[in-house]
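All residue numbers refer to positions in the sequence shown, counting from 1. For the numbers below, each heavy atom of this structure counts, side chains included, while hydrogens, waters and symmetry mates do not. Remember, it's a predicted structure, so these values are computed and weren't measured experimentally.
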Amino acid sequence: MFGKNRTSPVPHGENAPSIKPKKVSEPLEGFIPDNAGRVRISDEVLDSIVDQVEERMLKRSKGKQNAKQPRVRIELDDIAGTPKVFIDGVLHENVQRIDLSWNKFGEGCYQIEMIDDQHKPYGIGQCKSK
């Protein structure tokens with residue numbers, strides 16, 4: 001019925017829906033209007049809002065903690081670029097060397113060497129063989 005770049009007919013007159021907000025006849029509890037037409041929020045309402053936000057943030061953070069996160073994640077965008085290494089979700093910047101070996105028989109090994117802020121080498125690694 002309506003082709004490309006066409007709109008549907010819009011009702012006019014008394015039956016047309018209004019997009020203007022309706023005026024509130026009663027003031028909302030906890031919201032205090034001032035002389036400039038602005039609304040000030042009472043301390044009780046503000047505390048309640050803050051408590052609700054903190055509760056939701058706590059629920060979200062608990063949900064993320066319960067989600068299984070890999071111990072080691074390596075992102076490599078370009079073979080000539082430096083890979084990004086995440087250990088327990090934390091990005092480690094000063095990666096010097098990554099050794100990774102794996103085979104289909106269930107044997108695998110990784111070793112990641114890094115340098116700390118005092119330029120001392122440290123690393124993590126793990127091996128598993130059958």
Self-check item: Derivation and outcome, side chain to side chain contact (heavy atoms under 4.5 Å, CB included), residues Arg71 and Asp88
Solution: CA-CA 5 Å; Arg71 165 97 170 109; Asp88 293 330; 2.8 Å; yes

Quiz item: Is it true that Val72 and Val95 fall in one hydrophobic cluster, defined by side-chain heavy atoms closer than 4.5 Å?
Solution: yes

Self-check item: Closest contact, heavy atoms only, Tyr122 versus Asp116
Solution: CE2-N, 3.5 Å

Quiz item: Any chain of hydrophobic side-chain contacts (each under 4.5 Å) joining Met114 to Ile74?
Solution: yes

Quiz prompt | pair Lys84-Arg73: side-chain heavy atoms closer than 4.5 Å | solution = no

Self-check item: Distance-minimising heavy-atom pair for Val90 and His92
Solution: O-CD2, 3.2 Å

Quiz item: Are Phe86 and Ile124 linked, directly or through other ILVMFWY residues, by side chains that come within less than 4.5 angstrom of each other?
Solution: no

Quiz item: Quick one: CD on Glu93 to OG1 on Thr82, what's the gap to the nearest 0.5 Å?
Solution: 10.0 Å

Quiz item: At what distance, to the nearest 0.5 angstrom, does CD1 of Ile98 lie from CD of Glu113?
Solution: 10.5 Å

Quiz item: Ile87 and Leu91: same hydrophobic cluster, using ILVMFWY side-chain contacts below 4.5 Å?
Solution: no

Quiz item: Between Leu76 and Gly81, what is the shortest heavy-atom contact and its length?
Solution: CD1-O, 4.0 Å

Quiz item: How long is the gap from CD on Gln126 to SG on Cys109, to the nearest 0.5 Å?
Solution: 8.5 Å

